Amino acid sequence: MQQASLLPRAPGLVSRPRTAHFAQVRDLPWLIALAVVFTAGQLYLALTTPGLGWDETVYVSQVDAHAPAAFFSAPRARGVTLLLAPAAVLTTSATALHCYLAVLSGATFLLTLCLWRRLLPAPVPALGGALFAGLWVTLFYGPQVMPNLWTGYAALVATGCFLLAVRQPSAQLAPQAGRGAAVGVAAAVALAALMRPLDGVWLALPLFAAAVCVPAWRRSTVLLAIPAGLALGCAEWVVEAYVSYGGLVERLRQAGGIQGGLGWHPSFGDHARALQGKTLCRPCDMDWTYPVTAGWWFALPLAVAGAVWASARAREPGGTLHRYGPVWPTPRGREPGGRRELGLEPVRMDTFGLHPLRAVGLGLDGALQPHTPVWPPSLRDPGGARHRYGPGPIALPALVGLCLAAPYLLTVDYAAPRFLLPAYALLLLPAAWFLYWMTLLPRRRRAWAVAVLAIALLGHEAMQLAIVHKMQRGTARAQADIGRIGDTLRAAGVRPPCAVSGEEAVRVAYQLGCASRQPGGHDASITPAGLTRLGARSPAAVVLAAGEAPPGYARGWRPIRLPSTPGLKRLNAYVSPAARP
């Protein structure tokens with residue numbers, strides 16, 4: 001079944017009604033305001049949470065010329081370090097980097113919404129964007145040096161550009177527009193793969209399958225753009241696999257080992273519990289104290305399923321689920337009952353190149369009488385495409401979002417809420433469409449639906465803000481603890497060139513300007529004997545949990561009592577003989 005947006009335009013037909021243009025102009029300030037509020041929230045977190053997290057430190061150290069690079073494990077990719085590089089040339093201040101990413105994230109957020117307003121009714125991208133931006137996971141990770149949110153933006157752009165590229169008018173009447181959208185698909189898939197290669201693969205697979213399986217969507221430019229973008233984005237990761245990890249297969253094996261061994265590991269419960277405010281649930285043995293925090297998580301698949309069902313029924317004659325639908329000409333674009341569908345601007349008959357007198361008949365008394373309209377050929381059949389927006393802009397994001405979520409929900413035996421950010425970015429669009437569709441119910445039901453939805457969404461957002469506030473306070477305490485540990489070790493004589501091992505070695509070493517060297521674990525970069533020799537000629541420290549005996553290589557090292565760390569567990573340290581206070 002073709003969509004109206006996939007149909008060739010006959011000569012003389014208007015591309016879109018003037019009311020649609022005005023509606024899009026009116027909704028743009030709302031999108032800008034939403035992006036400004038989202039950016040302001042991220043800037044607040046950037047300014048009130050100094051310091052870098054553990055993963056952030058690994059990424060930033062790769063582009064910091066004044067500190068040794070931390071161990072870069074097999075699953076990681078360098079996309080976010082390249083994104084950070086322009087700012088890191090000027091400064092590596094954590095606050096400055098976070099502010100830079102907050103502003104960049106807000107601008108990208110606005111661009112993605114502007115792209116999707118060409119594919120969905122005007123209120124839907126705004127509502128979907130508000131739902132996504134209001135999640136504590138999105139706000140918390142927005143200004144951080146982490147790749148997941150940027151993968152989500154790339155997935156939104158790739159899916160949106162795909163839908164624009166396969167539209168028939170673009171392919172026939174404006175080939176350059178279709179090619180431009182295909183280039184956008186390639187660039188977005190490349191960005192996703194550059195940030196997280198496996199996410200790039202799970203993004204490309206459903207898009208390529210849709211282009212192959214849907215006859216109306218088969219475009220040679222798209223079929224070439226998707227694998228080309230994937231290859232371009234994965235190229236650096238693959239080359240680095242052969243240079244530093246012993247080959248692609250070996251890097252994949254190491255990456256799977258670090259993830260705990262990929263296999264059949266359904267982790268729905270772990271992800272639901274982590275939504276209470278846990279950045280990493282490994283192992284996820286925490287109590288599920290606040291199940292209400294996962295209420296939206298369980299409602300999301302129901303809303304997406306409802307959206308797919310409702311959008312498929314929108315093709316039926318008489319459906320008015322989209323902005324543009326063939327209706328009788330009425331004054332000022334209003335329906336015969338005098339009610340304008342919320343945000344849904346009906347199409348006047350002359351929009352299709354029909355003179356109003358051909359859509360109605362003149363009675364003997366000169367009064368206008370209803371008459372069978374002269375529809376364009378593409379709209380005559382009852383099953384024809386009767387709307388500008390068909391099920392494609394609803395079904396495709398749902399499909400791609402599920403593909404992006406499935407690996408983390410089914411094959412990884414632990415949970416980190418940030419892993420599902422790309423899936424949330426896509427799935428919240430059809431969910432928002434479904435909520436918007438509920439406001440178009442008959443008048444009596446609509447009032448109740450709008451009231452219930454408003455109360456539920458306000459409560460949901462209040463809960464998300466409370467969680468992100470708790471996360472911000474906990475992160476600030478942990479960063480302050482790392483700062484006190486670093487000051488104590490610096491006073492004990494641990495100064496560059498130096499090395500730090502043990503607990504929190506990455507963050508402590510980066511603050512001191514040292515190298516983080518571990519003699520064991522997945523990031524082992526030195527042997528115990530090598531660490532003993534290193535400590536004899538240059539300052540070195542090992543940080544351990546309080547009460548834990550020093551390892552063999554540090555038996556003769558000087559013990560250091562570290563200050564209390566309310567945001568972390570109690571720690572102590574041992575420094576090598578070369579460290580002089």
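Please read all numbers here as calculations on a predicted model, not as lab measurements. We use all heavy atoms of the structure for the numbers below, so side chains are in, but hydrogens, waters and symmetry mates are not. All residue numbers refer to positions in the sequence shown, counting from 1.
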ask   = Is there a side-chain contact between Thr293 and Trp136 (heavy atoms, below 4.5 Å)?
value = no
Trp296/Tyr424 aromatic ring centres below 6.0 Å = yes
ask   = Within the distance-only criterion (no hydrogens, no angle test), does the side chain of Trp237 pair as donor or acceptor with the backbone N or O of Arg76 below 3.5 angstrom?
value = yes
message = With a 6.0 Å cut-off on the ring centroids, do Tyr436 and Trp433 count as close?
response = no
message = Is it the case that the side chain of Ser267 and the backbone of Tyr408 share a donor-acceptor pair, with hydrogens and angles ignored and the cut-off at 3.5 Å?
response = yes
ask   = For Asp481 and Arg484, what are the C-alpha separation, side-chain angles and deciding distance, and is it a salt bridge (Lys or Arg N to Asp or Glu O under 4.0 Å)?
value = CA-CA 5 Å; Asp481 293 344; Arg484 286 194 293 271; 2.2 Å; yes
query = If you count the non-hydrogen atoms of other residues, nucleotides and ligands that lie under 6.0 Å from CH2 in Trp30, is the total more than 12?
reply = no
ask   = Would you find a donor on one side and an acceptor on the other, under 3.5 Å apart, between the side chain of Thr91 and the backbone of Ser93?
value = yes
task = State plainly whether the residues Glu503 and Lys569 are in salt-bridge range, i.e. N to O under 4.0 Å.
result = yes
key: Main-chain N/O of Leu156 paired with Thr159 side-chain donor or acceptor, under 3.5 Å   = no
ask   = Taking 4.0 angstrom as the limit, do Asp270 and Arg282 come out as a salt bridge?
value = no
note = Minimal heavy-atom distance between Ser61 and Ala70, with the atoms involved, is OG-N, 3.0 Å
remark   = Tightest non-hydrogen contact, residues Pro397 and Trp116, listed as CG-CH2, 3.5 Å
query = Do we see a donor-acceptor contact under 3.5 Å between the side chains of Gln518 and Ser525?
reply = no
Considering all heavy atoms, the nearest Val166-Val222 contact = CG1-CG2, 4.2 Å
Over all atoms of both residues, closest heavy-atom pair of Gln479 and Gly53 = NE2-N, 3.4 Å
key: Closest heavy-atom pair and its distance - Gly152, Ala425   = O-CB, 4.1 Å
query = Would you call the rings of Phe162 and Trp217 parallel, tilted or perpendicular if under 30° counts as parallel and over 60° as perpendicular?
reply = perpendicular
ask   = Does any non-hydrogen side-chain atom of Tyr414 lie less than 4.5 Å from one of Leu280?
value = yes
query = Does the Arg251 side chain pair with the main chain of Ala74, one donor and one acceptor, at a distance under 3.5 Å?
reply = yes
